[in-house]
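The structure under discussion appears below in the form of structure tokens.
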Amino acid sequence: MTAVMNQLTEPEGSPTTAYPIEAIRAEFPILATQVYGKPLVYLDNGATTHKPQCVIDCISQFYSKEYGTVRRGVYALSEGATEAFQNTREAVATFLNAPSSDEIIFTRGSTEAINLVAHSFGHTYLNPGDEILISAMEHHANIVPWQQIAKLKGATIKVIPMDSNGVLDMSAYASLLSPKTKLVAVNHVSNALGTINPVAEMIKQAHAVGAAVLVDGAQSTPHITVDVQALDADFYCFSGHKVYAPTGVGVLFGKRTLLEAMVPYQTGGDMIDQVSFDGTTFTDIPHKFEAGTPAIAQVVGLGEALRYLTRIGLPAIAQHEADLLAYATERMQTIDGLRIIGTAPHKASLISFVVDGAHPLDIGTLLDHEGVAIRTGHHCAQPVMRHFDVSATARVSFGMYNTRSEIDAFVQALQKVLTLLR
Ligand code: C6P
């Protein structure tokens, strides 16, 4: 792959011309890459997003001039790194509108955040006969940890069904909730369907029976302004690498009272108060849940990414992406034999699809040769595939830097690929 200027620009008359798309694209150096001699059209933002120059520079500067361990050193580099690390905790608290940065725990990603809650909430609060509700459209990361803890604690998993559009059945949800329900785990946005779930309403109903709610925000945080206080979420998690930040860092927000009562997840250095061979006491939140040396530079990079997102503004990004979703949906619907999987009225900028007579994997592989990067497979959501009676889908997912021209390039490439395959 060679880095040359990507010529894809916005067509005139686009409804989002006020959005600074050219400046945004210029901030992401990888978008100037060519793949097989074609301009890169990157439409796999649901899997991971690219990094703006300010994040790349921030990490480079941090490693070049500021790097040190956190919360352990008495020397200037360590104190500076500790301050930068803590600044990100504050930035995340602001990003989620959390009451306090003490309620922000750094994890490796959404997967680790959910495993943390499954382990620590599960060992603290679950008893035999208790129930955990998850939805039919969860990512495996929000299914398997619950199965594991349910097995250990003798709890039962109940599944909130969805309809043929990929919309959760809220009356079924209401009837599944009972005093036995201890926890509801649901994604804010489905990675396989794009559905935006009514999490505020779900939380309200769960609280009415005394259940706590974990919201998996892996696919929402790049697109939707999240306010954990307005939602009244007990736990909310997301992954740095999906919000234009580095890999290896994620976030768990948890309400103070729950986090303080919960047993630790991992144990070791930096999460203790006193250790002797007779036993150990643990330190306060958030450090109680952050054993070992954390991903320091990645956390610092996350802070920069959140500042960048905030500068552009999530409402403006959401509006731009809503236009891309509507435009792509309309264009894709003109393709003979193409079926969109996930047709909820409220969707984030993600489209799963299948095409008669063409396997998603072949579509993805051939699109790559046209410079178009999309995701194919079960998207770590095998129950969703089963629900729609497909083994896999192809998926395009848009980010803040995508354009209508890229959608045109994708649709044109898809038509070419389908001519070859059918
Ligand atoms: N989805 C995709 O859809 P990690 O890998 O920990 O950063 O995120 C896991 C995860 C959890 N919940 C949802 C809703 C997700 O979409 C994901 C990751 C990626 O392409 C990889 S399968």
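Both ligands and their constituent atoms are indexed starting at 1 by order of listing. All residue numbers refer to positions in the sequence shown, counting from 1.
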Can an N or O of Asp44 be found at a distance shorter than 3.5 Å from an N or O of ligand 1? no
Minimum-distance protein heavy atom relative to atom 9 (C) of ligand 1: Thr111 OG1, 3.4 Å
Ligand 1 contact by Asn142, heavy-atom criterion under 4.0 angstrom: no
Between Asn187 and ligand 1, does any nitrogen or oxygen pair lie at a separation below 3.5 Å? no
Are Arg25 and Glu22 ion-paired here, with the side-chain N under 4.0 Å from a carboxylate O? no
Heavy atom of Lys242 under 4.0 Å from ligand 1? yes
Can you report which non-hydrogen protein atom sits closest to atom 14 (C) of ligand 1, along with the distance? Asp216 OD2, 3.4 Å
Relative to the heavy atoms of Ala47, which atoms of ligand 1 are at a distance of less than 4.0 Å? 2 (C), 20 (O)
May I ask you to check whether Phe28 and Tyr401 place their ring centers less than 6.0 Å from one another? yes
Using a strict cut-off of 4.0 Å, indicate which atoms of ligand 1 neighbour a heavy atom of Cys380. 22 (S)
Residues, nucleotides or ligands: over 12 heavy atoms within 6.0 Å of Lys153 NZ: yes
Does the N or O separation between Gln219 and ligand 1 drop below 3.5 Å for any pair? yes
At what distance, to the nearest 0.5 angstrom, does CD1 of Ile24 lie from OH of Tyr244? 9.0 Å
Min over Arg375, Met137, His379 of heavy-atom distance to atom 21 (C) of ligand 1 lands on Arg375
Is the contact between Arg108 and ligand 1 made by the side chain, the backbone, both, or neither, using heavy atoms and a 4.0 Å cut-off? neither
Non-hydrogen atoms of His140 versus ligand 1: any pair closer than 4.0 Å? no
For the residue pair Tyr36 and His369, does the interplanar ring angle fall in the parallel (under 30°), tilted (30 to 60°) or perpendicular (over 60°) class? parallel
Taking the basic N atoms (NZ, or NE/NH1/NH2) and the acidic carboxylate oxygens, is any pair closer than 4.0 Å for Asp102 and Arg89? no
When only distance counts, is Ser239 in polar contact with ligand 1, meaning an N/O pair under 3.5 Å? yes
Between NE2 on residue His188 and OH on residue Tyr236, distance to nearest 0.5 Å: 4.5 Å
Do the ring centers of Tyr42 and Phe410 come within less than 6.0 Å of each other? no
Side-chain donor or acceptor of Thr88 paired with backbone N/O of Val299 under 3.5 Å: yes
Quick look: Glu112 vs ligand 1, heavy-atom contacts under 4.0 Å, and the answer is neither
Looking only at heavy atoms, is any part of Arg395 under 4.0 Å from ligand 1, and if so is it the side chain, the backbone, or both, or is it neither? side chain
In terms of relative ring orientation, are Phe62 and Tyr67 parallel, tilted or perpendicular, with 30° and 60° separating the classes? perpendicular
Return the closest protein heavy atom for atom 15 (C) of ligand 1 as residue, atom name and distance. His139 CD2, 3.3 Å
